[in-house]
Amino acid sequence: MENTEEKPAKKKTRKPDTFNENVYIPKNFQQYAVVADNIAKLFPTRSFGEIHFSGSLGGITSKFVRLTDYTGYANLETLLLDVWKISKPTLVFALIGDQSDLDLKENQKKALKEGLANTLTGTDKWLITCGCNKGITEISQDLLSETLERPNYIAIGVVSWANVALSERLENSNTKGMYPAEYPSTSDGGNLNKFSTHYLFVDNGKKNHAEVEFTVWSKISLGIINSNSNTNIFMICGEGDALSIKMILDALSRGNACLILNKTGGAADILSFAYNSFGNFESEDEYKKVVFEFIEKKTYSTNKIIFAILPD
C-alpha cells in the first residue's frame, strides 16, 4: 500500500559560520573606478577592512566596506550577520536629516540621549545613521558616547562614498583588505563619526549623489521586515531635505513609527506642520498629499510643539 503521508517540511538553516571577509567581500561586493574619459567600470571592491581613527583612545576601530548601490539584500544580510557577526536586530533606530549643522534645544538633547541610550544597549538593537560628523547624527552620537561603550551597541553608518572626506585613505591597491586603514580625526580633515561600529560606503560611480544612501537603507529595512516581522523600526528626523521627506514617507508606508524634531528647520518642520495642522488623517495617501502640497507652496510654520510623533 502506497504511503501518502506528507513528510514535514525541512527547516531552513543559515550557512555555517565559516565566512572569511578577505574572501567573501571582494568576491561578492564591487566598486566603481574611472578607467578613461570619465567612464566608470565595476571592479571587485578594494575598500574594506577596519578603520582606525587617529588619536582615538583605546585604538577604536570600525568595520567597513565599499559597495555599489545595486547590492542585493541577501549579500548585505550575509555580510552583516555572518561575516561581521552582528546579531539580528529586534529594534532598529534610523537617524535622518544630516544636511547641515543642527542646533537642538537642551530638552530635545535630553530626550534623545535618554530615549536612545536606554533603548540601544545590547547588540540586538541597531542604530543606522549617515555616519558623518554633521546634523542629527553628530549630536546624537556625541550624546550617546557619554553613556554607551563598545562592544555593547551596534551603530551602522550608511554613507555615500562621494561624501567621504579623504576617501583615498580607505582605498587599497589590491583586494586583500586594510587592517587597519588609518583615518584622520575631524580636526585633520576627516568627517566620519568614530561612534559608528560599522560602515557601508555606497558607490554609484558619481561624484555626489546622496540618494544612494536611501537605496541601501530601503533594502536593509525591507529585508529586515521580510525576514523578521517582529523587528520594530523607528525613524527620527531632524532638519533634512527633500530626500529626508522621501525616506519618512517610505517608512510610513511600511508601517514604521516616526519621530520628527520640530523647529529644527527643513523637512522636519514641513512634516510637523502638516501633521499638527491636519491630524487624524483618514489615510496615509491623504497625509502624503498634504505634505507634497506644502512642499510645492513652501508655506509652512515652525510655531508648533517641539516633538511631533507621526502615526505608525
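These numbers come from the heavy atoms of this one structure, side chains and all, not from hydrogens, waters or symmetry mates. Computed from a predicted structure; not experimentally measured.
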Within the structure provided, determine whether [X] and [Y] are in side-chain contact (heavy-atom separation under 4.5 Å).
{"X": "Leu192", "Y": "Phe53", "value": "yes"}
{"X": "Arg66", "Y": "Gln30", "value": "no"}
{"X": "Val65", "Y": "Ser47", "value": "no"}
{"X": "Leu80", "Y": "Ile156", "value": "yes"}
{"X": "Ser54", "Y": "Tyr183", "value": "no"}
{"X": "Phe93", "Y": "Ile128", "value": "no"}
{"X": "Ile51", "Y": "Leu170", "value": "yes"}
{"X": "Thr68", "Y": "Val202", "value": "no"}

Exercise: identify the closest heavy-atom pair between [X] and [Y]:
{"X": "Ile248", "Y": "Cys237", "answer": "CD1-CB, 4.0 Å"}
{"X": "Leu166", "Y": "Pro184", "answer": "CD1-CG, 3.3 Å"}
{"X": "Ala268", "Y": "Leu261", "answer": "CB-O, 3.3 Å"}
{"X": "Pro180", "Y": "His52", "answer": "CB-CB, 3.7 Å"}
{"X": "Thr129", "Y": "Ser196", "answer": "OG1-OG, 4.2 Å"}
{"X": "Pro89", "Y": "Thr231", "answer": "O-OG1, 2.7 Å"}

Residues in salt bridge (Lys or Arg N to Asp or Glu O under 4.0 Å) contact with Glu50, at least two apart in sequence or another chain: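 Partners of Glu50 under the salt bridge (Lys or Arg N to Asp or Glu O under 4.0 Å) test: Lys63.
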Derivation and outcome, side-chain contact (heavy atoms from CB on, under 4.5 Å), residues Leu200 and Ile220: CA-CA 11 Å; Leu200 300 175; Ile220 292 175; 3.8 Å; yes
If only side-chain N and O atoms count, and only distance matters, is there a donor-acceptor pair under 3.5 Å linking [Y] with [X]?
{"X": "Thr90", "Y": "Asp124", "result": "yes"}
{"X": "Ser62", "Y": "Arg150", "result": "yes"}
{"X": "Asn193", "Y": "Asn133", "result": "yes"}
{"X": "Tyr32", "Y": "Asp69", "result": "no"}

Same apolar cluster: Phe29 and Tyr179, side chain cutoff 4.5 Å: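 Yes; tracing contacts between hydrophobic side chains, which count when under 4.5 Å, links both residues.
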ILVMFWY clustering at 4.5 Å (side-chain atoms), partners of Val23: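 Members besides Val23: none; it forms no cluster.
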Can you tell me how far the [atom1] atom of [X] sits from the [atom2] atom of [Y], to the nearest 0.5 Å?
{"X": "Gln31", "Y": "Lys41", "atom1": "CD", "atom2": "NZ", "result": "15.0 Å"}
{"X": "Ile260", "Y": "Ile96", "atom1": "CD1", "atom2": "CD1", "result": "7.5 Å"}
{"X": "Asn152", "Y": "Leu148", "atom1": "CG", "atom2": "CG", "result": "8.0 Å"}
{"X": "Leu91", "Y": "Leu120", "atom1": "CG", "atom2": "CG", "result": "7.0 Å"}
{"X": "Asn75", "Y": "Lys27", "atom1": "CG", "atom2": "NZ", "result": "10.5 Å"}
{"X": "Ile25", "Y": "Thr175", "atom1": "CD1", "atom2": "OG1", "result": "11.0 Å"}

Evaluation steps, side-chain contact (heavy atoms from CB on, under 4.5 Å), between Ile86 and Thr123: CA-CA 7 Å; Ile86 303 176; Thr123 55; 5.9 Å; no
Among Trp84, Phe64, Phe48, ring pair (Phe, Tyr, Trp, His ring centres under 6.0 Å) partner for His198: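 Of the listed residues Trp84, Phe64, Phe48, the ring pair (Phe, Tyr, Trp, His ring centres under 6.0 Å) partner of His198 is Trp84.
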Tyr153: partners by ring pair (Phe, Tyr, Trp, His ring centres under 6.0 Å), with sequence neighbours left out: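 If we apply the ring pair (Phe, Tyr, Trp, His ring centres under 6.0 Å) test to Tyr153, skipping adjacent residues, the hits are Phe195.
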Stepwise side-chain contact (heavy atoms from CB on, under 4.5 Å) check, Ile154 with Leu127: CA-CA 6 Å; Ile154 296 295; Leu127 178 67; over 6 Å; no
Neighbour count >12 (heavy atoms, 6.0 Å) for atom CD, Glu168: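 Correct, the count exceeds 12.
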Between [X] and [Y], is there a donor-acceptor pair closer than 3.5 Å when you use the side chain of the first and the backbone of the second?
{"X": "Asn191", "Y": "Asn163", "result": "yes"}
{"X": "Thr71", "Y": "Leu67", "result": "no"}
{"X": "Lys219", "Y": "Tyr70", "result": "yes"}

From CA spacing to verdict: side-chain contact (heavy atoms from CB on, under 4.5 Å), Asn174, Arg46: CA-CA 6 Å; Asn174 55 52; Arg46 298 189 300 273; 5.6 Å; no
